[in-house]
Amino acid sequence: MHRNMYDTDVTVWSPEGRLLQVEYAMESVKQGSACVGLRSSNYAVIGALKRSVNEMASHQKKIMEIDHHMGVAIAGLTADARSLAKWMRNECLNHKYVYGQPMPSKRLCDDLADKHQRTTQTYVRRPYGVGLLVAAYDEATGPHLFQTCPSGNIYEYYATAIGARSQSAKTYLEKHYETFPESEKDDLIMHALRSLTGCVQGDGELTKENGSIAIVGKDQKFILIENDDLTQYLDRLEVEGGAAEGGDGDAMQE
Amino acid sequence: MASLHLNAATTAPSQHTKYPIVTGTSVLGLRYDGGVMVAADTLCSYGSMAKYKDARRIRTVGPATLLGASGEYSDFQSIMDMLEGMEQQNDNFDDGHSTDAQQTHSYLRAVMYQRRSKMNPLWNDLVVAGPNFLGLVDKIGTTYTDNFIATGFGSYLAIPILRKKWRPTMSEGEARGLLEDCLKVLFYRDCRALNRIQIAKVTEEGGAVVSEPYEIETDWSAASFATTKGGLEGDGGW
């Protein structure tokens, strides 16, 4: 039974210099369904694949609005994400009350990362089992895309993906990200959807039920595009011939 | 016996500000074509005594915000410490975000209202100015923005003049002239005012600048100043 003596406490090192509980939490992000994010010089877009536990159940919400200028896509434990989103909404509201202007996204994401980090150094806590992609638009600094990890790390990206089979989406985004700065809203949304097609499980398909997109940007408050609103984009995808070029086969790499 | 001890505890001296000690009088502010101007004298009174004659009551906060204060001078100093701390934090973040005049105004509103709600106000009326912003926050957290603003005695003596003379197209020189006229009237009639003043401006191009103190010319030859009761008979005042 003594498979691993160093993974029962969050704060205890393994002899190899690893914090195993933190790594397990990172693993739960990889188990979550895929999320993608990308940005142009005026907009930030996030997309996600929603799961349903069975055919009679609804799909789990994956993208949440934080404020008019900010939203998150989540991979990992949904319950943890909801509690973090609640905290973020509260921070945004407080900032708006005190300063009369929207919360700068970098400041909020840094605080969010600190919140993750604290759990990795406190005996009585456990890491949050969720990774977030934060899409935001700040009046002063333009659009942003951040990724947070249970380990307390935070990264800013032009484009990235997290969650199950997300390598496929990353490969697609890496191939195309240099064209993103000039992209229009709809182009970004199409890129998000194309990158997501490679992340669908088995012989499943990207549908208006399991797809979810959100956009925020210059003169564009955060909006969620789901279900019937998503149809027009999925139709365009079908016209193009479905799956994304350069994205598909790479899913095998994971 | 126990009640005696309780009584001793409840009669401990109050730590709350109930009245100001060292006070500055009016602050004036107005918008003009190209910026916003703020003016105040440099006097801080200890009651009715003109105690400190070089108290700078207009300060810059960051590159493009002016803050003028009437009321308790020590509370103003503590507000400035707070804002300078905030500026330093902004610099440390180094992320392209800074606090502009509008945000400073909103922040001070939150601070002033919280303090008054604890029954321990910061005893100031504050004028906040940015290149395209002019607002007031008072000691209980009331706020407004306007084309011209005056605190303290200025709200009685300067506002009527500003209402009559202010125009949105005023040049920098006209704006300064009007503020000097207002401060002159205040010096004549407000016994806590001084003829040594500072004028500050904040513009998009030049940021916030506060002048060194200088004296304004006064003329005490008007009848109401020269002779008691202004030469009028009767006991109806001067």
Side-chain angles (χ1 to χ4, degrees), chain A residues 39-44 66-70 88-118 132-148 152-158 181 216-218, chain B residues 36 61-67 79 82-118 122 126-138 140-146 149 204 207:
Chain A
R39 67 177 174 84
S40 70
S41 39
N42 288 319
Y43 304 97
I66 300 299
D67 201 344
H68 291 311
H69 72 302
M70 197 186 305
M88 289 171 81
R89 286 169 180 165
N90 199 248
E91 289 293 298
C92 283
L93 231 45
N94 281 341
H95 191 279
K96 208 181 274 180
Y97 169 72
V98 172
Y99 297 98
Q101 264 167 39
M103 178 93 192
S105 58
K106 177 79 161 57
R107 303 260 170 111
L108 179 61
C109 289
D110 282 353
D111 287 349
L112 179 62
D114 290 350
K115 206 172 156 63
H116 279 110
Q117 195 279 336
R118 274 196 295 281
L132 303 182
L133 289 184
V134 184
Y137 181 81
D138 295 339
E139 217 50 67
T141 56
H144 293 280
L145 175 67
F146 297 101
Q147 186 206 138
T148 67
N153 278 314
I154 179 163
Y155 308 98
E156 182 162 15
Y157 283 101
Y158 295 114
V216 67
K218 191 174 164 58
Chain B
V36 176
V61 182
T65 303
L66 286 169
L67 182 63
I79 287 168
M82 233 160 51
L83 294 177
E84 275 159 18
M86 203 157 81
E87 278 298 313
Q88 185 58 249
Q89 265 189 313
N90 275 329
D91 287 352
N92 293 352
F93 273 116
D94 193 24
D95 59 0
H97 290 285
S98 56
T99 312
D100 63 15
Q102 184 271 317
Q103 289 183 63
T104 305
H105 183 246
S106 180
Y107 174 73
L108 288 170
R109 182 215 82 239
V111 171
M112 296 308 246
Y113 185 67
Q114 194 166 56
R115 287 293 297 258
R116 82 105 224 191
S117 298
K118 290 173 179 165
L122 292 163
L126 303 165
V127 175
V128 185
N132 199 27
F133 182 89
L134 179 62
L136 175 135
V137 191
D138 74 4
I140 57 172
T142 312
T143 56
Y144 59 85
T145 60
D146 209 339
I149 280 174
E204 207 76 68

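The figures here come from the full heavy-atom set of this structure, side chains too, leaving out hydrogens, waters and symmetry mates. The sequence lines fix the lettering, A, B, ..., with proteins before strands; numbering per chain opens at 1.
For the pair A/V216/A/M70, no side-chain contact is recorded, criterion being any heavy-atom separation below 4.5 Å from C-beta on. You'll find the side chain of A/H68 reaches within 4.5 Å of the side chain of A/K96, heavy atoms only. Looking at heavy atoms from C-beta onward, B/L122 lies in side-chain contact with B/I79 at the 4.5 angstrom threshold. Counting heavy atoms from C-beta outward, B/H105 and B/T145 have side chains that approach closer than 4.5 Å.
A/H144 meets the side chain to side chain donor-acceptor pair (under 3.5 Å) test with A/T141, A/E156; sequence neighbours excluded. Under the side chain to side chain donor-acceptor pair (under 3.5 Å) criterion, B/D138 pairs with B/T142, not counting sequence neighbours.
The shortest heavy-atom contact between B/G96 and A/A140 is O-CB, 4.2 Å. Between A/P143 and A/A44, the shortest heavy-atom contact is CB-N, 4.1 Å.
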Which is it for B/L66 and B/V36 under the side-chain contact (heavy atoms from CB on, under 4.5 Å) test, yes or no, and what are the steps along the way?
CA-CA 9 Å; B/L66 286 169; B/V36 176; over 6 Å; no
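Below 4.5 Å, heavy atoms of chain B meet heavy atoms from A/P104, A/K106, A/R107, all part of residues 103-114 of chain A. Taking 4.5 Å as the heavy-atom cut-off, the residues of residues 106-116 of chain B that approach chain A are B/S106, B/Y107, B/R109, B/A110, B/Y113, ordered by number.
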